[in-house]
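Right, one structure below, let's go through it.
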Number of protein chains: 2
Amino acid sequence: MPEAEHTHPNVTAPATGDWRAELRAKGYRLTPQRELILAAIEDLGHATPDEVLAHVQERVSSVNASTVYRTLEVLEDLGLVRHAHLSDRAPTYHSVSGHEHFHLKCRGCGQVTSVDVDLASALTDRLADELGFVADIGHLTVFGRCSRCAG
Amino acid sequence: MPEAEHTHPNVTAPATGDWRAELRAKGYRLTPQRELILAAIEDLGHATPDEVLAHVQERVSSVNASTVYRTLEVLEDLGLVRHAHLSDRAPTYHSVSGHEHFHLKCRGCGQVTSVDVDLASALTDRLADELGFVADIGHLTVFGRCSRCAG
DNA sequence: TTGGTTGCAAACTTTTTGCAAGCGT
DNA sequence: ACGCTTGCAAAAAGTTTGCAACCAA
């Protein structure tokens, strides 16, 4: 499959520093690894655990893969990052500092596009009205073909 | 996570036998394994490769896991089965003999619900009109909370 | 007979886990 | 000092691959 490129460069708001307080409030500790991993995700926009690890290790080579997995879980619990499944393989994590969005993935060129959740409101409304189902659109990935590849 | 139960028992149309011809037409061969694996998916409704293997092995213990993976790929190529990601782990395969549908997965109780693709037409239309993106709704899984678990 | 298929074993990729040492608070 | 965290190594889970024997056509 072609390499994924992203149409929505992550122009994220800088971490306010108040997440560190929330982290402690939940009984977690603030460690260099956690700051590095969160920063990596904000740098990379969308990244798999593997890519996060590589990015972090460019500066601090001693950081371990298990730490990345464990930290990603903590950061997701804190609501600082989210993940989606952009391929049949590893999940992709992204920062939540911006607006909530879901993803479109083109099977032709591999391009990933971020779309505002509003665009799916018709679906979420119907699911809620007709089935009482509260959808988590931020986790959604819609596969298909982009305009160029659909032809 | 709770075990998934399914609200849409697969009442699939019996294989007409004409898939065997299509299979040969594409240069594939008709083998007992392929018939068993397709039958397993129609029996099970929704199943991971692992579950398919276990089901097939109840009758023919010699069937191998690689054969299941390879066959699932062939069957999907023929359009006889499809897969969706109902968990962060193994993919789930289902028969395409019925109507096309996408899935709802409840994070509370794990329940999986099949929903007719029509219900998502508002989303697919907007994606097509505004972005030219042709969505493959049959592959979609929407995570969230069912009416009971949403409270 | 020909070449697509299968079973087997080994390799691989991604993620999880046990544990002792380390460090944030 | 207490106990959450980390690095490491091994295990687990899921999938893929090379290859010789096998069998559908």
Side-chain angles (χ1 to χ4, degrees), chain A residues 1 4 17 19-38 40 46-57 59-78 80-81 83-93, chain B residues 1 3-4 17 19-40 46-57 59-78 80-81 83-93:
Chain A
M1 187 195 300
W19 66 272
R20 296 160 216 255
E22 273 188 53
L23 183 143
R24 290 201 186 87
K26 284 211 178 188
Y28 292 123
R29 289 180 185 174
L30 181 59
T31 66
Q33 287 89 336
R34 287 176 177 166
E35 299 198 87
L36 286 165
I37 290 167
L38 177 56
H46 292 73
T48 60
D50 224 54
E51 293 164 341
V52 170
L53 178 63
H55 189 81
V56 168
Q57 285 186 333
R59 302 195 146 256
V60 184
S61 64
S62 64
V63 175
N64 189 273
S66 352
T67 301
V68 172
Y69 284 104
R70 290 188 279 227
T71 298
L72 254 13
E73 207 172 310
V74 170
L75 296 180
E76 193 153 30
D77 175 52
L78 289 170
L80 295 169
V81 306
H83 80 274
H85 300 277
L86 270 36
S87 78
D88 282 358
R89 300 201 149 262
T92 303
Y93 286 79
Chain B
M1 187 194 303
E3 205 35 49
W19 66 272
R20 295 160 217 255
E22 274 188 52
L23 183 143
R24 290 200 186 86
K26 284 211 178 189
Y28 291 124
R29 289 181 184 172
L30 182 59
T31 65
Q33 287 88 337
R34 287 178 178 167
E35 299 198 86
L36 286 165
I37 290 167
L38 178 55
H46 292 71
T48 60
D50 226 54
E51 293 164 341
V52 170
L53 177 63
H55 189 80
V56 169
Q57 285 185 335
R59 300 194 147 257
V60 184
S61 64
S62 64
V63 175
N64 189 273
S66 353
T67 301
V68 172
Y69 284 105
R70 289 188 281 226
T71 298
L72 254 13
E73 206 173 310
V74 169
L75 297 179
E76 192 154 30
D77 175 51
L78 289 169
L80 295 169
V81 305
H83 79 273
H85 300 276
L86 269 37
S87 79
D88 283 358
R89 297 203 152 263
T92 303
Y93 286 79

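Convention: sequence-line order gives letters A, B, ...; per-chain numbering from 1.
The distance from atom CG of Leu53(B) to atom C1' of dG7(C) is 12 Å, rounded to the nearest whole Å. Atom NZ of Lys26(A) is separated from atom P of dT5(D) by 13 Å (rounded to the nearest Å). To the nearest angstrom, P of dG4(C) lies 15 Å from CG of Asp77(B). Rounded to whole Å, atom C1' of dG7(C) lies 12 Å from atom CD1 of Ile37(B). As rounded to whole Å, 11 Å separates atom P of dT5(D) from atom CG of Leu75(A). Atom CG of Asp50(A) and atom P of dT15(C) are 8 Å apart (whole Å). Distance CD (Glu51(A)) to C1' (dT13(C)): 14 Å, rounded to an integer number of Å. If you take NE2 of His83(A) and C1' of dT15(C), they are 13 Å apart, rounded to a whole angstrom.
A donor N or O paired with an acceptor N or O is not found under 3.5 Å between the base of dG14(D) and the side-chain atoms of Arg89(B). For Arg70(A) and dG7(D), a side-chain-to-base donor-acceptor distance below 3.5 Å is present, hydrogens and geometry of angles not being considered.
Distances shorter than 4.0 Å separate some side-chain N or O of Gln33(B) from OP1 or OP2 on dG7(C). OP1 or OP2 of dT6(D) has at least one side-chain nitrogen or oxygen of Thr31(A) nearer than 4.0 Å. The phosphate of dC23(D) has neither OP1 nor OP2 within less than 4.0 Å of any side-chain N or O from Arg29(B).
The residue Ser66(A) sits close to a base: some heavy atom pair falls under 4.0 Å.
Proximity of Asn64(A) to Thr67(A): side-chain heavy atoms (C-beta onward) are separated by under 4.5 Å at one or more points. For the pair Lys26(A) and Asp77(A), the minimum side-chain heavy-atom distance is below 4.5 Å.
Here Trp19(A) contributes atom CH2 and Leu30(A) contributes atom CG; the two are 5.5 Å apart, rounded to the nearest 0.5 Å. Distance CG/Leu38(A) to CZ/Arg34(A): 11.5 Å, rounded to 0.5 Å.
Judged by closest nucleotide on DNA chain D, Asn64(A) is the one of Asn64(A) and Leu30(B) placed further toward the 5' end. For the pair Ala90(B) and Tyr28(B), nearest-nucleotide mapping onto DNA chain D gives the more 5' position to Ala90(B).
The ring-ring contact (aromatic ring centres under 6.0 Å, His included) check on His83(B) picks up His85(B), Tyr93(B), His139(B), with sequence neighbours excluded.
Listed nucleotides dT16(D), dG7(D), dT25(C) differ in distance to Tyr69(B); the shortest reach to its side chain belongs to dT16(D). The nucleotide whose nearest atom lies closest to any side-chain atom of Thr71(A) is, among dT6(D), dT6(C), dC4(D), dT6(D). Nearest to the side chain of Arg34(A), among dG3(C), dT25(C), dT6(D), sits dT6(D). Closest approach to the Thr67(B) side chain among dG24(C), dG7(C), dT15(C) is made by dG7(C) (side chain taken as heavy atoms from C-beta onward).
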